[in-house]
Amino acid sequence: MLVKFDLGKKCNSQIIEDKTKRKPDASPAEQRGESIEVSASARAMAADALETPSPTSQSPSYYSQLRHFYLAVDRLGFKMETLVDLLRMAGRRPCLPMVVCCSTRDELDAVCSAVSNVSYISVASLYSDLAEAERLSVLEKFRQATAGWNQISTHQSGDDSEMGKEEQKSYLIVVTDTCLPLVASGESPIAARVLINYELPTKKEIYTRRMATCLASDGIVINMVVGGEVVTLKSLEESSSLVIAEMPIDIFELF
């Protein structure tokens with residue numbers, strides 16, 4: 001089934017409010033105000049496993065548990081604010097471990113700057129010239145946040161009253177593709193509950209590597225899609241045997 005969006009709106013999700021103005025760096029397709037079509041035939045990943053080998057050689061059952069969604073954004077000028085609004089909502093869950101993947105250092109810096117004012121999200125980044133000791137510290141803190149999330153998740157009561165404010169913060173790593181955990185070199189993958197592709201990869205190998213190095217077995221993937229990227233999204237679906245469904249309006253339905 002094809003779902004058609006009116007790009008007169010900022011985003012197909014009702015959690016986003018129109019606050020920003022259009023920026024001059026929007027793509028030609030966005031400036032023309034063209035509509036886009038995205039496949040949304042189901043809300044779960046297809047049963048077929050990814051056939052591309054991953055750095056961690058995950059079994060097909062690993063990928064079958066993942067859930068893939070897209071979040072359609074009206075224009076490029078709205079993309080950053082949409083991401084921040086999404087993180088503000090998701091980050092209210094105590095200790096939620098999240099990863100945002102970017103393709104360039106400039107986008108990484110922009111994301112970190114935009115999210116830095118969200119008081120209940122602890123933000124760190126992995127980039128090429130980061131000192132090794134700092135990189136290890138970032139990864140270790142993320143694993144601690146993951147342990148905190150798992151601890152909260154296993155308590156049916158959901159009582160986190162004994163945790164301090166710092167301990168309750170969600171933890172976010174912003175990373176470029178060149179600085180993903182180096183599994184081939186013996187670095188352990190991280191287990192984010194939410195992986196957000198701020199910049200949609202053009203190749204399924206990159207999409208797969210992001211999942212294999214950053215995502216927990218029960219995690220979800222949210223792909224941010226601007227008008228001109230719909231072809232790339234559909235190509236990823238077809239080449240990787242995925243079903244990438246529309247993200248629910250209420251993000252907490254995913255947890």
Side-chain angles (χ1 to χ4, degrees), residues 45 48-70 83 86-87 90 95-105 107-109 111-112 115 121-150 170-224 232-233 236-237 239-242 244 254:
M45 180 179 177
D48 294 335
L50 292 173
E51 297 178 354
T52 304
S54 71
T56 52
S57 301
Q58 297 286 3
S59 65
S61 62
Y62 171 83
Y63 293 109
S64 67
Q65 296 177 58
L66 301 177
R67 292 172 292 166
H68 301 253
F69 301 91
Y70 69 86
L83 173 67
L86 177 62
L87 290 172
C95 298
L96 181 66
M98 302 178 287
V99 169
V100 172
C101 287
C102 303
S103 299
T104 66
R105 174 65 185 274
E107 291 292 353
L108 178 146
D109 290 339
V111 170
C112 289
V115 184
I121 298 179
S122 180
V123 185
S125 58
L126 296 177
Y127 47 90
S128 58
D129 53 350
L130 184 67
E132 183 63 22
E134 293 182 42
R135 177 182 175 87
L136 293 175
S137 176
V138 168
L139 293 174
E140 179 57 30
K141 288 180 180 178
F142 191 87
R143 293 187 178 101
Q144 291 175 5
T146 301
W149 166 263
N150 292 336
S170 291
Y171 199 89
L172 171 68
I173 285 182
V174 187
V175 60
T176 59
D177 291 312
T178 57
C179 297
L180 293 168
L182 303 173
V183 177
S185 299
E187 199 169 61
S188 299
I190 55 179
R193 185 66 178 79
V194 179
L195 170 64
I196 300 175
N197 286 320
Y198 181 71
E199 291 179 293
L200 193 67
T202 57
K203 298 180 179 179
K204 70 175 183 179
E205 291 80 7
I206 298 177
Y207 192 94
T208 304
R209 182 166 179 255
R210 290 180 179 183
M211 289 189 298
T213 58
C214 295
L215 199 61
S217 60
D218 60 347
I220 62 171
V221 183
I222 300 175
N223 300 288
M224 300 192 67
T232 302
L233 182 74
L236 285 171
E237 271 194 310
S239 63
S240 302
S241 299
L242 298 173
I244 304 178
L254 304 178

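In what follows, residues are counted from 1 in the order of the sequence shown.
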Side-chain donor or acceptor of R143 paired with backbone N/O of A191 under 3.5 Å: no

Min side-chain heavy-atom separation V221-R67 under 4.5 Å: no

Name of the residue among V174, V123, L195, I121 meeting side chain to side chain contact (heavy atoms under 4.5 Å, CB included) with M98: I121

C95 SG to N150 CG distance, which is reported to the nearest 0.5 Å: 10.0 Å

Distance (rounded to the nearest 0.5 Å) between L126 CG and I173 CD1: 5.0 Å

From CG (D129) to CZ (R105), nearest 0.5 Å: 5.0 Å

Side-chain touch N223/L236, heavy atoms, less than 4.5 angstrom: no

Qualifying residue, where the test is side chain to side chain contact (heavy atoms under 4.5 Å, CB included) with N197 and the options are C101, C102, S103: C101

Smallest separation among heavy atoms of L215 and V194, with atom names: CD1-C, 4.2 Å

Rounded distance [0.5 Å steps], CG in D177 versus CD in E199: 8.5 Å

Spacing of I244 atom CD1 and L233 atom CG [to the nearest 0.5 Å]: 4.5 Å

Value rounded to 0.5 Å, distance of NE2 in H68 from CD1 in I222: 12.0 Å

Residue pair P181 / C214, side-chain heavy-atom distance below 4.5 Å: yes

Parallel, tilted or perpendicular: rings of Y171 and F142 (30°, 60°): perpendicular

